[in-house]
Amino acid sequence: MSLEPMVDRRAAPRDDVLDDTERMSAGNPEADHILGGGFPANSINIIMGHPGSGKTIFAEQLIFHNAAEDRPILYFTTLSEPLAKVVRYLQGFRFFDENKLGTQVIYEDVGPQLAKEGAPALIPLLREAIMTLSPKVIVIDSFKAVHDLAPSMADRRRMVYEMTALLTAYGTTAFLLGEYTEDDILLYPEFAVADAIVELSRRRLGNRDERYFRVYKLRGSRYLEGAHAFRITNSGLDVYPRLVSPRMPEGYEPASERISTGVAGLDEMIGGGLWRGTTTLLAGPSGAGKTTIGLQFALEGARRGEPTLYMNFQENPTQLVRTIRGLGVDLEEAQRQGLDLVYASPVELQIDSIIVDMFRRIQQGGVRRLVIDALGDLASAATDPQRLHDYLYALVQHFAVSTITSVLNFETMGNTISGNGMQNAMSYLSDNVLLLTVDGDERTRRRLRVLKTRGSAHDTRVREVGITDAGLSILE
């Protein structure tokens, strides 16, 4: 899958820039996308991060993906983890291929020799391996451990210089793994000669960890800047490139077609329906009818044969199915017509992964209508307000360019939309803003007000709404 990158035009790979650099895949399509196609061939690359961040898994996924019968791949373990331990945990991943081990992928423990002779032993070990095996890839895990054995900065610089000359002369792509920090980039000589620097990091968020993939340097190449979330699974690293805004095509013109909301009386309030490709913010307190309107909008799309995606973080699938059938809809028929219901628990929700899954479904299904219920759950999954704002801005821009008509539900704490940073941001990003309110002492009264419709006249009155077995409707 490819997400078109352009939130920060300086930071994104550009399709109009010719890059003839030969590439080596990271073994992960999303990581390759971030790297502008992969690592440059015959390069020296540093994979840095704290212990447990995923460096070894990333390197092993890469080497097994690139293993072939032409030239072997050599994996040096140094003074970090013993070879037996590395191989034992390796066997639990799907990318591991026992048939390649020992022939196409060769592991060698050089820790004992380094412990005995110190850092100067590395260069003879590399030279011998290159002369006897001619490996196309060499991984040193951990190079930081070798670096620490050098008695002085001058010795470290000499070792790095000799290693660089050796690797460059023999056309070998090298990956140096290490427990480095961002501050080390300015201090240590290996960073000066590195063609690429990639950091894998881990942050604690409540009861779970969030992991990020970041490119600090990629010499002479385009790449996608920023922090990209990833997870470690039995397939290796699942990487989620951050969502960025699309390029607006030259001569872009918004769609001039209106579509029905599926809510009786609402189309008339907004000038005849929603413009195709617009985004509608539907705000209101719990019980106001947001989910019902969202479902009616989605089901109307399916009824008209439009592929429709309903992203649900609020109600579990059983509850949602009960609500749909309560509206008198044959769920199986609606799904055959193009309705795709997706549920993700807000407890384990990660904004990067859910966005990537959403776009995969949009691209594969040719989605024309989309409902997100609700934005508040996406907000709780974001690690910081700026990251959330960037995602929401990019979402709206993608929907506009792709002419996807979307309804985004947001639960308010009362009958007003003001006072909440994300609601205010979404209000100006959205083409339409509808506010539902709930009040009444002896009986519940629900009302709807159209606060905004971009490029269209709308009914300025506050209208009462009713909810029956047939759904929500605007009352006369």
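Keep in mind that the numbers below use all heavy atoms, side chains included, and drop hydrogens, waters and symmetry copies.
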Look only at the side chain of N66 and the backbone of I63, and say whether a donor-acceptor pair between them is shorter than 3.5 Å. no
Do the rings of F399 and F359 sit parallel, tilted or perpendicular, given the 30° and 60° boundaries? parallel
From R447 CZ over to I474 CD1, what is the distance, rounded to the nearest 0.5 angstrom? 12.5 Å
Does R369 make a cation-pi contact with F297, if we ask for NZ or CZ under 6.0 Å from the ring centre and within 45° of the axis? yes
Ring-ring centroid check F230 F213, cutoff 6.0 Å: no
Tell me, please, which residues at least two apart from Q91 pass side chain to side chain contact (heavy atoms under 4.5 Å, CB included). V87, F96
Any donor-acceptor N/O pair, K55 side chain to E179 backbone, under 3.5 Å: no
Going by side chain to side chain contact (heavy atoms under 4.5 Å, CB included), L408 matches just one of L375, L282, L392. Which one? L375
For A67, check side chain to side chain contact (heavy atoms under 4.5 Å, CB included) against everything at least two apart and list the hits. I73, K100, Q104, V105
Test of understanding: with ring pair (Phe, Tyr, Trp, His ring centres under 6.0 Å), list the residues that count as partners of F93, not counting sequence neighbours. F95
Taking the side chain as everything from C-beta on, heavy atoms only, tell me whether L218 gets closer than 4.5 Å to P40. yes
What verdict does the side chain to side chain contact (heavy atoms under 4.5 Å, CB included) test give for T460 and H458, after you've listed the backbone C-alpha separation in whole Å, the side-chain angles of each residue and the deciding distance to 0.1 Å? CA-CA 6 Å; T460 59; H458 63 268; 4.1 Å; yes
Where do Y240 and E30 land on the side chain to side chain donor-acceptor pair (under 3.5 Å) test, with the steps shown first? CA-CA 7 Å; Y240 309 107; E30 285 74 27; over 6 Å; no
Basic-acidic side-chain contact under 4.0 Å: E332, R336: no
So, is the end of the R203 side chain (NZ or CZ) under 6.0 Å from the ring centre of Y212 and within 45° of the ring's axis? yes
Chi angles and distances behind the side chain to side chain contact (heavy atoms under 4.5 Å, CB included) call for Q296, L299: CA-CA 5 Å; Q296 287 178 248; L299 293 169; 5.7 Å; no
With side chain to side chain contact (heavy atoms under 4.5 Å, CB included) as the criterion, how do I34 and V198 come out once you've worked through the C-alpha distance, each side chain's angles and the decisive distance to 0.1 Å? CA-CA 11 Å; I34 295 167; V198 171; over 6 Å; no
Would you check if the side chain of K290 reaches a backbone N or O of G284 as a donor-acceptor pair within less than 3.5 Å? yes
To the nearest 0.5 Å, tell me how far L320 CG sits from R325 CZ. 11.0 Å
Contact between I185 and M48 at the side-chain level, heavy atoms closer than 4.5 Å - yes or no? yes
Run the numbers on T261 and D267 for side chain to side chain donor-acceptor pair (under 3.5 Å), then give the verdict. CA-CA 6 Å; T261 62; D267 291 352; 2.8 Å; yes
Taking N234 for the side chain and R94 for the main chain, is one N or O donor matched with an acceptor at less than 3.5 Å? no
Show, in sequence, the C-alpha distance, side-chain angles and deciding distance for Q319 and Y343, and conclude whether the side chain to side chain donor-acceptor pair (under 3.5 Å) test is met. CA-CA 11 Å; Q319 293 171 324; Y343 171 76; over 6 Å; no
Look at the side chain of Q61 and the backbone N and O of A26, then say whether any donor-acceptor pair between them is shorter than 3.5 Å. no
Indicate yes or no: at least one non-hydrogen side-chain atom of I362 is less than 4.5 angstrom from one of I404. yes
With sequence neighbours excluded, residues passing ring pair (Phe, Tyr, Trp, His ring centres under 6.0 Å) with Y180: F191
S430 side chain to V433 backbone, donor-acceptor under 3.5 Å: no
For R361, the option from V367, V342, L370 that meets side chain to side chain contact (heavy atoms under 4.5 Å, CB included): V342
The reported gap from CG in D238 to OG1 in T233 (rounded to nearest 0.5 angstrom) is 4.0 Å
As a quick check of understanding, evaluate side chain to side chain donor-acceptor pair (under 3.5 Å) for R368 and T403, giving each step before the final call. CA-CA 7 Å; R368 310 305 304 143; T403 60; 2.5 Å; yes
With rounding to the nearest 0.5 angstrom, report the CG to CG distance, D32 to L62. 8.5 Å
Listed once per pair and sorted, the salt bridge (Lys or Arg N to Asp or Glu O under 4.0 Å) pairs that draw on residues 393-409, sequence neighbours left out: none
Strictly distance-based, threshold 3.5 Å: is any side-chain N or O of S402 a donor or acceptor partner for the main-chain N or O of H398? yes
Taking every non-hydrogen atom, the tightest pair across A31 and F58: CB-CE1, 4.5 Å
If we ignore angles and hydrogens, is there a donor and acceptor under 3.5 Å between the side chains of T453 and N432? no
Report yes if the side chains of L434 and L436 come closer than 4.5 Å at any heavy-atom pair, otherwise no. no
With a 3.5 Å distance limit and no angle check, can you tell me whether T308 reaches the backbone of E306 through a side-chain donor-acceptor pair? yes
Nearest 0.5 Å please: distance from the OH atom of Y107 over to the CG atom of L90. 4.5 Å
Looking at R202 and G49, would you say the former's side chain and the latter's main chain have a donor-acceptor pair under 3.5 Å? no
By side chain to side chain contact (heavy atoms under 4.5 Å, CB included), L475 pairs with (sequence neighbours left out) E464, S473
From CG (D431) to CD1 (I270), nearest 0.5 Å: 11.5 Å
Is there a side chain to side chain contact (heavy atoms under 4.5 Å, CB included) between I47 and L176? Walk through the geometry before answering. CA-CA 6 Å; I47 312 299; L176 313 180; over 6 Å; no
Looking at R454, is its backbone amide N or carbonyl O close enough to the side chain of S456 to form a donor-acceptor pair, meaning the two atoms are under 3.5 Å apart? no
Between M269 and R463, is there a side-chain heavy-atom distance shorter than 4.5 Å? yes
Please step through salt bridge (Lys or Arg N to Asp or Glu O under 4.0 Å) for the pair E333 and R303, ending with a clear verdict. CA-CA 9 Å; E333 177 61 22; R303 188 182 69 81; over 6 Å; no
